[in-house]
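First the proteins, then the strands, lettered A, B, ... as listed; each starts at 1.
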Protein chains: 2
Amino acid sequence: MARPRKPLLSRERIVTAALSIVDAEGLQAVSTRRLAADLGVSGPSLYNHFPTKDEILDAVADSVVAQVDLSMFDGPGDWRTALLEWARSYRAALTAHPNIVPLLAQGPGRRPTGLRMADAVFGAMVRAGWPPAQATRVGALMRYFVAGSALGSFARGFVDDPDAYDPAAYPHLGQAHLLADRQEHVDQGAFETGLTALLDGLALQFERLD
Amino acid sequence: MARPRKPLLSRERIVTAALSIVDAEGLQAVSTRRLAADLGVSGPSLYNHFPTKDEILDAVADSVVAQVDLSMFDGPGDWRTALLEWARSYRAALTAHPNIVPLLAQGPGRRPTGLRMADAVFGAMVRAGWPPAQATRVGALMRYFVAGSALGSFARGFVDDPDAYDPAAYPHLGQAHLLADRQEHVDQGAFETGLTALLDGLALQFERLD
DNA sequence: ACCTGAACACCGTTCAAGT
DNA sequence: ACCTGAACACCGTTCAAGT
């Protein structure tokens, strides 16, 4: 074929196709040859649009974080409600693409949407009366909790097999295998419980500021 | 050489060597050939001790989680102090081997030390008076926070270069490049602030139980 | 500028062969 | 049982060649 009049690829098409593979078959299923085949081109073509495979996956992670709603930080709402809504939107974006979450480990700093998010949270917290140093911490610790909840799905680890758990070794986990079934439910409950606790605790600290 | 009288390898030696590579050069530097070379054997030898490379890395992750102190759950202390000390020990174990953290994404369920940890937390919370359903959530949400804090080091993302941050795009991040320097400090502060908030919030929920 | 096939150095894993 | 070298199908990436 050689060069067509109109480019066959674009960064956007590549990112979309890569995310499809990640969602359907996991991170490890993404190879440059496979991704290119899905797009109807040959492997090396991708290098006209991204310098490395890692940067493709970076862009995929960025596209997921871009789905997080940040509008609650513009509105007139109080900081607590804004953090609550942001955390839920953030978690929803991540759990919609769970296979991508390990990729967020590299930190959001270099990714533009991660920066935009950090900026929005920090700005809103300062506007609400948090001192800048505290505002930085609030943004970071909320992110820890949300990322951890999407990443480390506590219940996902439990196998749906009673024989997997020796009661002598794990005396309190007799019912652990039941959790596999209700994984999403457990995660959801733990997330909401933790979110409430975190915001309650931050409210106590905010009261003590003056 | 063929088979020696005494085995050259053991699961433990393999895990130790793999962790050294992960710590020094990152997850991606671990290949079966490289790992075997560090151990003075040829690549396929590893398959006498582990069925796959993934299981080697799983064992490495397990060995890190095994460093977490759980003794505070046996003692006579209150649940809040136990959770506080556990969270710090947990975070210390993970931040000592930051490159391993993305691997924890697969969940702790299948790994024996992760199960032992879940069992200890759950048992101690129930003993302290938390209803079982809540005790499960408490264990999970604490894990979210600690894993997230080790994983997503908020500050790590910031590049130590003022030009990296266009003030028009990120109006509140003018000083962001300063964070790179103080990354560990920021993370530490955010972790402690979040930990206090989380425990304060859980204490409020605990009071409302009866 | 943007795509191609060929090529490079590397992977994880299998397996027959050695002791 | 535990190690070896050879081999398989794959990888990310480079590059000269095509339009």
Side-chain angles (χ1 to χ4, degrees), chain A residues 1-63 99-100 102-103 105-106 110, chain B residues 1-63 99-100 102-103 105-106 110:
Chain A
M1 176 182 320
R3 172 163 116 91
R5 314 166 173 236
K6 208 161 183 234
L8 296 175
L9 294 179
S10 67
R11 287 176 62 99
E12 200 196 346
R13 281 198 67 221
I14 293 170
V15 168
T16 303
L19 181 56
S20 293
I21 299 176
V22 170
D23 284 343
E25 306 175 43
L27 265 179
Q28 101 216 103
V30 182
S31 77
T32 54
R33 285 169 174 87
R34 157 70 192 278
L35 174 56
D38 282 10
L39 288 160
V41 298
S42 82
S45 301
L46 301 171
Y47 291 86
N48 286 297
H49 302 269
F50 286 95
T52 63
K53 177 192 168 185
D54 277 353
E55 296 217 22
I56 296 176
L57 291 177
D58 244 45
V60 172
D62 206 50
S63 77
N99 295 335
I100 247 315
L103 224 71
Q106 279 134 252
R110 274 145 247 251
Chain B
M1 176 182 320
R3 173 163 115 93
R5 311 162 175 241
K6 202 147 186 254
L8 297 174
L9 294 179
S10 66
R11 288 175 62 98
E12 201 196 344
R13 280 198 68 222
I14 293 169
V15 168
T16 303
L19 181 56
S20 291
I21 300 174
V22 170
D23 284 345
E25 305 174 44
L27 265 180
Q28 103 217 102
V30 181
S31 76
T32 55
R33 286 168 173 88
R34 158 70 191 279
L35 175 56
D38 283 9
L39 288 160
V41 297
S42 83
S45 302
L46 301 172
Y47 291 86
N48 288 297
H49 303 269
F50 286 94
T52 63
K53 178 191 167 186
D54 276 354
E55 296 217 22
I56 296 175
L57 291 177
D58 244 44
V60 172
D62 206 48
S63 77
N99 295 336
I100 243 325
L103 225 69
Q106 278 132 253
R110 272 144 248 253

Polar atoms only, N or O, under 3.5 Å: list the protein pairs with nucleotides 6-10 of chain C and their distances.
unit_1, atom_1, unit_2, atom_2, d
C/dA7, N6, A/R33, NH2, 3.4

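Residue B/E12 places its CD atom among 12 or fewer non-hydrogen atoms of other residues, nucleotides or ligands, all under 6.0 Å distant.
The distance from atom CZ of B/F50 to atom P of D/dA1 is 18 Å, rounded to the nearest whole Å. Atoms CG (B/L35) and P (C/dC11) sit 11 Å apart, rounded to a whole Å. Look at CG on A/N48: it is 14 Å from C1' on D/dA17, rounded to the nearest Å. Following rounding to the nearest Å, B/L39 (CG) and D/dC2 (C1') show an atom-to-atom distance of 14 Å. Rounded to a whole Å, the CG atom of A/L8 is 11 Å from the P atom of C/dC2. The nearest whole Å value for the distance from the CG atom in B/L46 to the C1' atom in C/dT13 is 11 Å. Between the CZ atom of B/R5 and the C1' atom of D/dC2 there is a distance of 14 Å, given to the nearest Å. In this structure, A/D58 places its CG atom 16 Å from P of D/dG12, rounding to the nearest Å.
Nucleotides of DNA chain D nearest to A/G43 and B/G43 differ in position, and the one nearer the 5' end is that of B/G43. Looking at which nucleotide of DNA chain C each of B/Y47 and A/S42 is closest to, the 5′-most match is held by A/S42.
Scanning all heavy atoms of the two residues, the minimum distance from A/E25 to A/R34 falls at OE2-NH2, 2.8 Å.
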Response to the item:
For DNA chain C, the dot-bracket notation using Watson-Crick and G-U wobble pairs below 3.5 Å, [ ] for pseudoknot-type crossings and | for other-strand pairs, is ||.|||||...|||||.||
Item to complete: Show your reasoning for whether side-chain contact (heavy atoms from CB on, under 4.5 Å) applies to A/S45 and A/L8.
Response: CA-CA 9 Å; A/S45 301; A/L8 296 175; over 6 Å; no
Discussion item. Does B/L9 form a side-chain contact (heavy atoms from CB on, under 4.5 Å) with B/N48? I'd like the steps, not just the answer.
Written reply: CA-CA 9 Å; B/L9 294 179; B/N48 288 297; over 6 Å; no
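Contact annotation: A/S45 side-chain N/O to C/dT4 OP1/OP2 distance is under 4.0 Å. Distances shown here put a side-chain N or O of A/H49 below 4.0 Å from the OP1 or OP2 atom of C/dC3.
Put simply, the side chain of A/T32 reaches to within 4.5 Å of the side chain of A/Y47, judged on heavy atoms. In this structure, the side chains of A/V15 and A/F50 come closer than 4.5 Å at one or more pairs of heavy atoms. Side-chain contact between A/I56 and A/L35 is present, with at least one heavy-atom pair separated by less than 4.5 Å. In this structure, the side chains of A/L39 and A/L46 come closer than 4.5 Å at one or more pairs of heavy atoms.
Here the rule is side chain to side chain contact (heavy atoms under 4.5 Å, CB included) with A/V60, and of A/D23, A/L27, A/L19 only A/L19 fits it.
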